[in-house]
Number of protein chains: 2
Amino acid sequence: MIKKEEILRKALEQFNERGYSEVGVRELARLLKISPGNLSYHFSKKEDILMALLEQFSAQNSSFYDHYLTLAPTNAHFLALMEKIFNSQYDYRGVYIGNQFVQAELQNQDRFNYQSIAAKRAATFQNIFRELEAAGQLRVDEKNIDFLVAYITLFGRFWISEATLFNRSPDKHKTIRHYLSLVAKQLSLFATEEGKKSIDEFSSSIT
Amino acid sequence: MIKKEEILRKALEQFNERGYSEVGVRELARLLKISPGNLSYHFSKKEDILMALLEQFSAQNSSFYDHYLTLAPTNAHFLALMEKIFNSQYDYRGVYIGNQFVQAELQNQDRFNYQSIAAKRAATFQNIFRELEAAGQLRVDEKNIDFLVAYITLFGRFWISEATLFNRSPDKHKTIRHYLSLVAKQLSLFATEEGKKSIDEFSSSIT
DNA sequence: GTCTATACAAGGATAGAC
DNA sequence: GTCTATCCTTGTATAGAC
């Protein structure tokens, strides 16, 4: 008996390597050594596989945010959060990017409606930056917070798209380090002296 | 006799409204009141339509850069350049975003190889920022220039993707104004007093 | 050169036997 | 739970009319 887990693992591997739209269900079934009909039995639509993987990705990310909230609000912890998210985005890049292709259909399913997800994420980042301000890590007014939220929302959503336009499987650690350093630099533009020390502390830990 | 221009116009309209992958060649032919075979005669592959539209888009953008280089290097002129580019990206959003979907195939055709295009664009922005520094508009060292180039490259490539994830046809002027204001803010973080005046000058001209 | 009609291949989806 | 056979849609290619 084939487990859903096996299908998802192989599907993610293929999506990452060749892109969601390039992977056919017949081919996926062949790689799994099962019939196309059997694959259909477990996931009646190709999109269902995408959804299941997005579910995994989403759950993992939620746990990262939850964990962050238990820590003291420092720039270093914030960057560590971003590092975890970036790693996760890299691991799920095939579905994360492919997500865009099927947004039209996903709009219906509120679970993955981009508008509601983006709104929640923006609110989360707004709170995070407010806390960092209160903790003396950032020197920002509300306008600056909105700017940083807009920055991190777009940047955090599309860095992996840019990275994989060059190369579908770029060096994971090198690529993440590069984009993390850009986030760190952006943050440092609004950091207090204390906050800058925290950023340096994080930066030296990843090099 | 149907002109290639008519096909491209209708195709762009459809790609913008419904997305590249959602528009079928048969349907496009029906909308143009011609047979699918006739469409094949003018553009033997669907991708050829995409390429022709990207060609138009690319030519238009080049003219914007060329024009900018004839002007005095000021932040206001730079932002005016970005405004033109943003307008163009919006108008071609269907192919601009769809571009990502077919990158795998486009990698072969050097004309639209993302790596070479991105490298050229990065070099262009690097020169622009260096000139703005020399003209006393920006206060930046080479590291800051690299940071700004990385920022404008990613932001300028993906703002339209973010905007259309919410709504395939968001209000053009409102959306562009929003994203331009983010660019202006980012630029102001590195601007001299003189440079800030130039940014304000531009900002007041678009509100 | 311009167009229609048609055939073919590939991929997603489904019905029904076992 | 697994398979085979089949259907439908979509991109693509081509024969042949005008």
Side-chain angles (χ1 to χ4, degrees), chain A residues 1-54 94-95 97-109 112, chain B residues 1-54 94-95 97-109 112:
Chain A
M1 171 187 154
I2 186 131
K3 294 203 190 65
K4 276 187 196 283
E5 282 307 315
E6 294 177 53
I7 296 175
L8 291 178
R9 238 193 61 254
K10 180 61 80 176
L12 180 58
E13 174 198 298
Q14 291 298 309
F15 293 161
N16 282 346
E17 277 177 21
R18 311 196 352 264
Y20 176 73
S21 51
E22 306 305 311
V23 179
V25 287
R26 282 177 177 78
E27 192 186 2
L28 191 55
R30 189 176 51 73
L31 287 168
L32 287 160
K33 300 189 204 311
I34 61 175
S35 73
N38 191 3
L39 184 56
S40 277
Y41 170 73
H42 291 286
F43 295 96
S44 64
K45 298 168 70 179
K46 184 182 171 187
E47 197 184 303
D48 291 344
I49 302 177
L50 185 76
M51 299 296 284
L53 287 168
L54 282 174
V95 296
I97 295 172
N99 192 3
Q100 282 176 272
F101 301 74
V102 290
Q103 266 304 321
E105 295 98 276
L106 295 184
Q107 292 293 356
N108 307 326
Q109 317 188 227
F112 288 109
Chain B
M1 169 189 152
I2 185 136
K3 296 202 190 67
K4 276 187 195 285
E5 282 307 315
E6 293 177 54
I7 296 175
L8 290 177
R9 239 194 59 254
K10 180 61 81 177
L12 180 58
E13 173 199 298
Q14 291 298 309
F15 294 161
N16 282 347
E17 278 176 21
R18 316 205 336 273
Y20 176 74
S21 51
E22 305 306 311
V23 180
V25 287
R26 282 174 179 78
E27 191 186 2
L28 191 54
R30 188 177 52 74
L31 288 167
L32 286 161
K33 301 190 205 310
I34 61 175
S35 72
N38 192 3
L39 185 56
S40 272
Y41 169 72
H42 291 287
F43 296 96
S44 63
K45 297 168 70 178
K46 185 182 171 187
E47 198 184 300
D48 292 343
I49 302 177
L50 185 77
M51 299 297 283
L53 287 168
L54 281 174
V95 296
I97 295 171
N99 192 3
Q100 281 176 273
F101 301 75
V102 291
Q103 266 303 321
E105 295 97 276
L106 295 184
Q107 291 294 355
N108 308 325
Q109 317 188 226
F112 288 109

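Sequence lines set the chain letters: A, B, ... in the order given, protein chains first and strands last, and positions in each chain run from 1.
- From B:Leu39, atom CG reaches atom CZ of B:Arg30 across 13.0 Å, with rounding to the nearest 0.5 Å.
- Distances shorter than 4.0 Å separate none of the side-chain N or O atoms of B:His42 from OP1 or OP2 on C:dG1.
- Note: CZ (A:Phe43) to P (D:dT2) measures 13 Å, nearest angstrom.
- The distance between atom CG of A:Leu39 and atom P of C:dA13, rounded to the nearest whole Å, is 10 Å.
- The neighbour count for A:Lys45 NZ, taken as heavy atoms of other residues, nucleotides or ligands under 6.0 Å away, does not exceed 12.
- Neither OP1 nor OP2 of C:dC3 sits under 4.0 Å from any side-chain N or O of B:Tyr41.
- Spacing between atom CD1 of B:Ile7 and atom C1' of C:dC3 amounts to 12 Å, rounded to whole angstrom units.
- Summarising the geometry, the separation between CG on A:Leu50 and P on C:dG12 is reported as 13 Å, rounded to the nearest angstrom.
- The separation between B:Glu6 atom CD and C:dT2 atom C1' is 14 Å, rounded to whole Å.
- The nearest whole Å value for the distance from the NZ atom in A:Lys4 to the C1' atom in D:dT2 is 14 Å.
- Taking side-chain N and O atoms only, A:Lys45 has no distance below 4.0 Å to OP1 or OP2 of C:dA13.
- Residues B:Phe43 and B:Leu8 are in side-chain contact: their nearest non-hydrogen atoms beyond the backbone lie under 4.5 Å apart.
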Every protein N/O within reach of nucleotides 15-18 of chain C N/O, cut-off under 3.5 Å:
none

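- Separating the CG atom in A:Leu32 from the CZ atom in A:Arg9 is a distance of 9.0 Å, to the nearest 0.5 Å.
- Atom CG of A:Leu28 is separated from atom CD of A:Gln14 by 7.0 Å, given to the nearest 0.5 angstrom.
- For A:Lys10, the salt bridge (Lys or Arg N to Asp or Glu O under 4.0 Å) test picks out A:Glu13, with sequence neighbours left out.
- Nearest approach of A:Lys46 to A:Ser21, heavy atoms of both residues: NZ-CA, 4.0 Å.
- What separates OH of A:Tyr20 from P of C:dG11 is a distance of 14 Å, to the nearest Å.
- One atom, NZ of A:Lys3, and another, C1' of D:dT2, lie 16 Å apart when rounded to the nearest Å.
- Annotation: side-chain contact (heavy atoms from CB on, under 4.5 Å) contacts of B:Asn38 (sequence neighbours excluded): B:Ile2, B:Ile34, B:Ser35, B:Tyr41, B:His42.
- Only A:Val23, A:Gly24, A:Val25, A:Arg26, listed by number, bring a heavy atom of residues 23-36 of chain A to less than 4.0 angstrom from any atom of DNA chain C.
- Using a 4.0 Å cut-off, some side-chain N or O of A:Asn38 falls inside it from OP1 or OP2 of D:dC3.
- In this structure B:Glu27 satisfies the salt bridge (Lys or Arg N to Asp or Glu O under 4.0 Å) test together with B:Arg18, sequence neighbours excluded.
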